[in-house]
Every structure is written in structure tokens, then in C-alpha cells.
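Following: one structure in C-alpha cells, then a few remarks.
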Amino acid sequence: MIAFVSGQVAALAPTTAVIQVGGVGMALQCTPATIAGLRIGEDARLATSLVVREDSLTLYGFADDDERQVFELLQTASGVGPRLAQAMLGVHSPDALRLAVSTGDEKALTAVPGIGKKGAQKLLLELKDKLGAPLGSSGLVGAQRAASGPAPWTEQLTAALIGLGYASREAEEAVDAVAPQAEAALAETGTAPVPQLLRAALQTLNRAR
């Protein structure tokens with residue numbers, strides 16, 4: 001079990017970070033929010049979870065141990081593999097997932113690509129006694145503050161694009177370009193899917209160059 005990796009960030013992609021450890025570049029699968037906190041050339045420490053398959057070894061990276069723990073707990077639910085668990089953390093923070101499960105928020109789970117209404121109902125039942133209560137002093141207050149402040153998806157997306165090497169102006173223009181897509185998703189599901197928005201923003205930037 002590799003509990004964490006620590007070293008210089010050698011490369012970044014929308015869903016992958018390469019950390020140089022002892023002269024070896026280790027590729028970690030990460031959420032856009034985790035990627036947004038990294039900068040090429042700077043040192044980083046990421047909690048990790050190694051997923052072993054017959055034909056592959058995949059290392060998933062997380063901003064902290066709590067995110068890694070939730071990633072592993074999510075996979076104890078039937079039908080949830082590492083990709084879906086990471087997708088859930090790509091849309092919601094660990095505490096937001098705890099809040100959704102503890103309050104039976106089906107809509108929050110269906111905002112994750114790959115989870116339908118029946119799947120969300122099943123997950124709420126299976127995860128109810130596993131994730132526990134939000135760790136924040138008041139999960140409901142935190143959620144309310146997030147709702148009343150600036151749209152979190154814009155901050156995550158801008159930071160992720162800057163982390164990938166784009167200038168602030170380019171990042172802001174790309175965020176503006178995908179805003180209609182984000183607003184449509186918010187109106188339909190209540191959540192803006194940052195991974196999909198990041199891909200759309202990158203397509204916009206590539207067309208502009």
C-alpha cells in the first residue's frame with residue numbers, strides 16, 4: 001500500500017498529475033479540484049490509493065487523507081468502482097457527500113455522471129452508516145454559505161486551468177465560454193460538473209490557439 005507520494009510536480013493534465021519521487025515520475029489520477037492545487041515545479045504531497053487489477057496498477061491521488069478515506073469507503077457500495085468514486089469526489093467534496101448521504105439528498109448524487117435515480121437511492125441506503133456525519137462544525141451552515149457565495153465551480157475551474165499552465169486571462173475567458181453549459185446543469189441538477197466543464201474549457205482554449 002502506497003499511503004502518499006511527496007515530491008516535485010513534473011507534469012499536469014486535466015485528470016493526471018506526475019510527481020517526481022526519487023528520480024521516478026509517478027502518475028496519479030486526480031480530480032480537477034486536486035489538480036487545481038498543484039503547480040509544475042513546486043513540491044506537493046498527495047495521499048494515495050493503489051487500485052490493483054489483473055492487467056493494471058492505478059494510483060489515485062488526493063488532496064488529503066480524508067478525501068482518500070472517502071474514496072475507499074465509496075467503493076464498499078455495490079457497483080461503485082474507483083472511476084465512479086473519483087467522479088463523485090470530482091463533483092462533491094467529502095463533506096458534501098457526507099451531507100448528501102446523511103440528509104438523503106438524492107438530487108446531489110444524480111448530479112454525478114453515471115448515477116441515475118435508482119442508483120442514487122441504492123447508494124443512499126448502502127452508504128448511510130459508512131460515511132458518517134460531515135466533519136465541519138456545521139455542514140448545513142457550510143452548504144448554505146457556499147450557496148450564497150461565488151459559484152464554487154468557477155473558482156475550481158479557473159484554478160485548474162491556471163494549474164495546467166494557462167494565463168489568468170485565458171482561464172477567465174474559457175470559464176466565461178462554458179458558463180451557459182454550467183448554468184444549464186445547475187438548473188437541471190443543482191450542481192455544475194467540474195470535470196466535464198474542464199474538458200469543454202480546454203476544447204475552447206485549443207480552438208483559440
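All residue numbers refer to positions in the sequence shown, counting from 1.
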Counting heavy atoms not belonging to Lys130, are there more than 12 under 6.0 Å from its NZ?
->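 Yes, because the 6.0 Å sphere around NZ of Lys130 holds more than 12 heavy atoms from other groups.
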Any side-chain heavy-atom pair of [X] and [Y] under 4.5 Å:
X      : Y      : answer
Gln75  : Pro82  : yes
Val91  : Pro113 : yes
Cys30  : Leu46  : yes
Val9   : Val18  : no
Thr204 : Glu173 : no
Phe62  : Thr31  : no
Leu97  : Leu74  : yes
Leu161 : Leu205 : yes

Please report the interatomic distance [atom1]([X]) to [atom2]([Y]), rounded to the nearest 0.5 Å.
X      : Y      : atom1 : atom2 : result
Thr16  : Leu59  : OG1   : CG    : 11.0 Å
Ile19  : Ser6   : CD1   : OG    : 8.5 Å
Leu131 : Leu99  : CG    : CG    : 11.5 Å
Arg83  : Thr15  : CZ    : OG1   : 8.5 Å
Leu50  : Thr58  : CG    : OG1   : 8.0 Å
Ile115 : Lys122 : CD1   : NZ    : 12.0 Å

[X] side chain vs [Y] backbone, donor-acceptor pair below 3.5 Å:
X      : Y      : answer
Glu170 : Tyr166 : no
Thr76  : Leu73  : yes
Thr48  : Ile2   : yes
Glu106 : Gln121 : no

Arg68 charged N/C atom sitting above Tyr60 aromatic ring, 6.0 Å / 45° =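 No, Arg68 does not sit over the ring of Tyr60.
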Residues at least two apart in sequence or cross-chain that pass salt bridge (charged side-chain N to carboxylate O under 4.0 Å, His left out) with Arg53, listed by chain then number, are none
Please say yes or no: joined through hydrophobic side-chain contacts below 4.5 Å, possibly via intermediate residues, are [X] and [Y] part of one cluster?
X     : Y     : answer
Ile40 : Met26 : yes
Phe71 : Val52 : no
Val5  : Leu89 : no

Here the pair of heavy atoms bringing Ala13 nearest to Ile35 is O-CD1, 3.6 Å
When you check the side-chain N and O atoms of Glu126 and Ser78, is any donor under 3.5 Å from an acceptor?
->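 A pair is found: one side chain offers a donor N or O, the other an acceptor, under 3.5 Å apart.
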Can you list every salt bridge (Lys or Arg N to Asp or Glu O under 4.0 Å) pair that touches residues 30-44, not counting sequence neighbours?
-> none
Would you mind checking if Arg98 and Asp66 are paired as a salt bridge, meaning a charged N to carboxylate O distance below 4.0 Å?
->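 Salt bridge present between Asp66 and Arg98.
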Apply side chain to side chain contact (heavy atoms under 4.5 Å, CB included) to Val70 and Met88, showing your working.
-> CA-CA 10 Å; Val70 170; Met88 293 171 75; over 6 Å; no
Passes side chain to side chain contact (heavy atoms under 4.5 Å, CB included), Leu84 versus Val112? Steps please.
-> CA-CA 9 Å; Leu84 183 55; Val112 178; 4.3 Å; yes
